[in-house]
Amino acid sequence: MPATSQAQQKAAGAALSAKRGDTKKSELKGASKGMYESMSEKQLEEFAETRRKGLPEKKSKS
């Protein structure tokens, strides 16, 4: 499942980095912290590898 916004893609990348041990879990904030706890490494990879080109900065509310 690909990310639906650039913000979601960035948060997944940060969570994936922490999951792999490249950054500290304590450095995560907001959505990336929730993603770290609730998603597997495979799921995070799918979100993080989404290309940003053509994605909105933030997901629309509707």
Side-chain angles (χ1 to χ4, degrees):
M1 175 182 222
T4 58
S5 69
Q6 291 181 24
Q8 194 178 49
Q9 188 268 344
K10 290 175 191 176
L16 180 60
S17 176
K19 188 78 91 167
R20 290 180 173 167
D22 296 332
T23 59
K24 294 179 182 177
K25 180 185 172 191
S26 61
E27 294 177 8
L28 298 177
K29 300 178 191 173
S32 59
K33 191 177 217 178
M35 288 177 149
Y36 174 87
E37 294 169 357
S38 66
M39 297 174 76
S40 70
E41 188 172 333
K42 175 98 170 111
Q43 290 172 315
L44 289 170
E45 283 177 2
E46 290 176 9
F47 272 77
E49 71 183 5
T50 304
R51 293 181 180 252
R52 288 189 209 169
K53 188 174 182 178
L55 288 178
E57 179 60 37
K58 292 191 174 186
K59 187 176 173 186
S60 64
K61 297 205 180 211
S62 55

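We number each residue from 1, following the sequence as shown.
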**Study point:** Taking every non-hydrogen atom, the tightest pair across Ser32 and Ala15
**Key:** O-CB, 3.4 Å
Review point. Any side-chain heavy atom of Lys19 sitting closer than 4.5 Å to one from Met39?
Key: no
**Study point:** Test side chain to side chain donor-acceptor pair (under 3.5 Å) applied to Arg52 and Gln9, Gln6, Glu57, the passing residue
**Key:** Gln9
Exercise for review: Identify whether the distance between the nearest side-chain nitrogen and carboxylate oxygen of Glu45 and Arg20 falls below 4.0 Å.
Suggested key: yes
Check your understanding: Taking all non-hydrogen atoms of both residues, which atom of Ala18 and which atom of Leu28 are closest, and how far apart?
Key -> CB-CD1, 3.7 Å
**Study point:** Interatomic spacing from OG1 in Thr50 to CD in Gln8 - rounded to 0.5 Å
**Key:** 8.0 Å
Check your understanding: More than 12 foreign heavy atoms under 6.0 Å from NZ of Lys33: is that the case here?
Key -> no
Practice item. Measure the spacing between OG of Ser17 and NZ of Lys25 and express it to the nearest 0.5 Å. Key: 14.5 Å
Exercise for review: Consider only side-chain heavy atoms of I, L, V, M, F, W and Y, link residues closer than 4.5 Å, and tell whether Leu16 and Phe47 are in one cluster.
Suggested key: yes
Review point. Can you name the closest pair of heavy atoms from Ser5 and Lys58 and give their distance?
Key: CB-C, 3.7 Å
